[in-house]
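Presented below is the structure to which this report refers.
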Amino acid sequence: MNLNEQQRRAYLEAIGIDVWLPRGETDEEVDVQDETAAIATDDLDWLALRAAVSACTRCTLHETRTQTVFGVGDPNADWMFIGEAPGAEEDRRGEPFVGRSGKLLDQMLAAVGQSRQSVFIANIIKCRPPHNRDPAPEEASSCRAYLERQIALVNPRIIVAVGKIAAQNLLGTDAPVGRMRGKRHSVGNVPLVVTYHPAYLLRSPSQKRKSWEDLCLARSIVREAQA
Ligand code: URA
C-alpha cells in the first residue's frame, strides 16, 4: 500500500469512517505503519494533520499512550514554542505543558505579553515516553514530519526551543543548552532561540534570569520582523 493510501485510511479512520478492505487484505497488513518510510505531510491541512497524528503507529509509543498530544494555540501565531514530549498529565489531558512545568511556561509567556492562546505550543514527539524517559532518536525521527508540517502551517516569526531535547533535535546537534542559548539560530528560514526547560528552571530557579533574557531576545526578533 502506498503512503498516500495509508494516510487516507488513517484519516478516514480517525474521523470515524469505516475503511473497507479488498478481500485478503487483513487488518494486520494495514495496521502497522512503516516507521522507516518517509511520510508525506506536505499537503496536509490542519485537520488532516491532526487526524494523521492521532492515528499514528509509526513507533512503539502508540502502544502505551492514552492519546496523542498534537499541540495547542493560535494556528497563525508569531511565536511557536516547541518542547520535548508529553508527560503524564499531558498524556491524560491531550494538551502540551499542562503539568507543573506548564504552569511555569504560562508565567514565562505572560512575562513577554503572550498566552497559551496567542502562541502555538507543540512538542518534538506527540506521544508520552513511558516513565518520562527521553525520547529515543528513532521516535523523534518518526515524528519529525508532523512537527515540520506544524511549523510550515503556523509559519511563525520565532521558534523558541524549550529545553535540551527540543533544541538538539531542531538544530541537529548535541551541544548543551548553555552553549545554544543567547543566540539567534534558524530552522529553515524561521529564526530560533533556545531556552531552558521549565522543569529545569523549577529545579534551578537561579537560571530564570537567563531564560528571561532568551525570551527578550526572541521578542526583539519578532519585533524586528514586524517593523
Ligand atoms: N514537557 C515538555 O517538554 N512538553 C510537555 O508537553 C510537557 C512537559
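Side chains are part of it too, since the values below use all heavy atoms of this structure and drop only hydrogens, waters and symmetry mates. One-based numbering, in listed order, for ligands and for the atoms of each. Numbers here simply count residues along the sequence, with the first being 1.
The shortest non-hydrogen separation linking Leu170 to Ala161 is CD1-CB, 4.0 Å.
Among protein heavy atoms, atom 1 (N) of ligand 1 sits closest to His197 NE2, 3.1 Å. Scanning all protein heavy atoms for the shortest distance to atom 4 (N) of ligand 1 gives Asn123 OD1, 2.8 Å. Looking at atom 5 (C) of ligand 1, its nearest protein heavy atom turns out to be Ala85 O, 3.3 Å.
Inclusion of Gly83 in the set of residues having an N or O under 3.5 Å from an N or O of ligand 1 is not warranted. Polar contact check, Ser101 against ligand 1: no nitrogen or oxygen pair lies under 3.5 Å apart.
In this structure, Tyr146 has its ring center at least 6.0 angstrom away from the ring center of Trp46.
By the neighbour-count criterion of 12 heavy atoms within 6.0 Å, atom CZ of Arg209 is sparsely surrounded, having that number or fewer from other residues, nucleotides or ligands.
Between the side chain of Lys183 and the backbone N or O of Arg179 there is at least one donor-acceptor pair closer than 3.5 Å. Arg144 places no side-chain N or O within donor-acceptor distance of the main-chain N or O of Glu139, the cut-off being under 3.5 Å.
Both the backbone and the side chain of Glu84 come within contact range of ligand 1, each with a heavy atom under 4.0 Å.
Partner His197 forms a side-chain contact (heavy atoms from CB on, under 4.5 Å) with one of Ile165, Val162, Leu202 and no other, that one being Val162.
Near Pro96, meaning under 4.0 Å from any of its heavy atoms, are these atoms of ligand 1: 6 (O).
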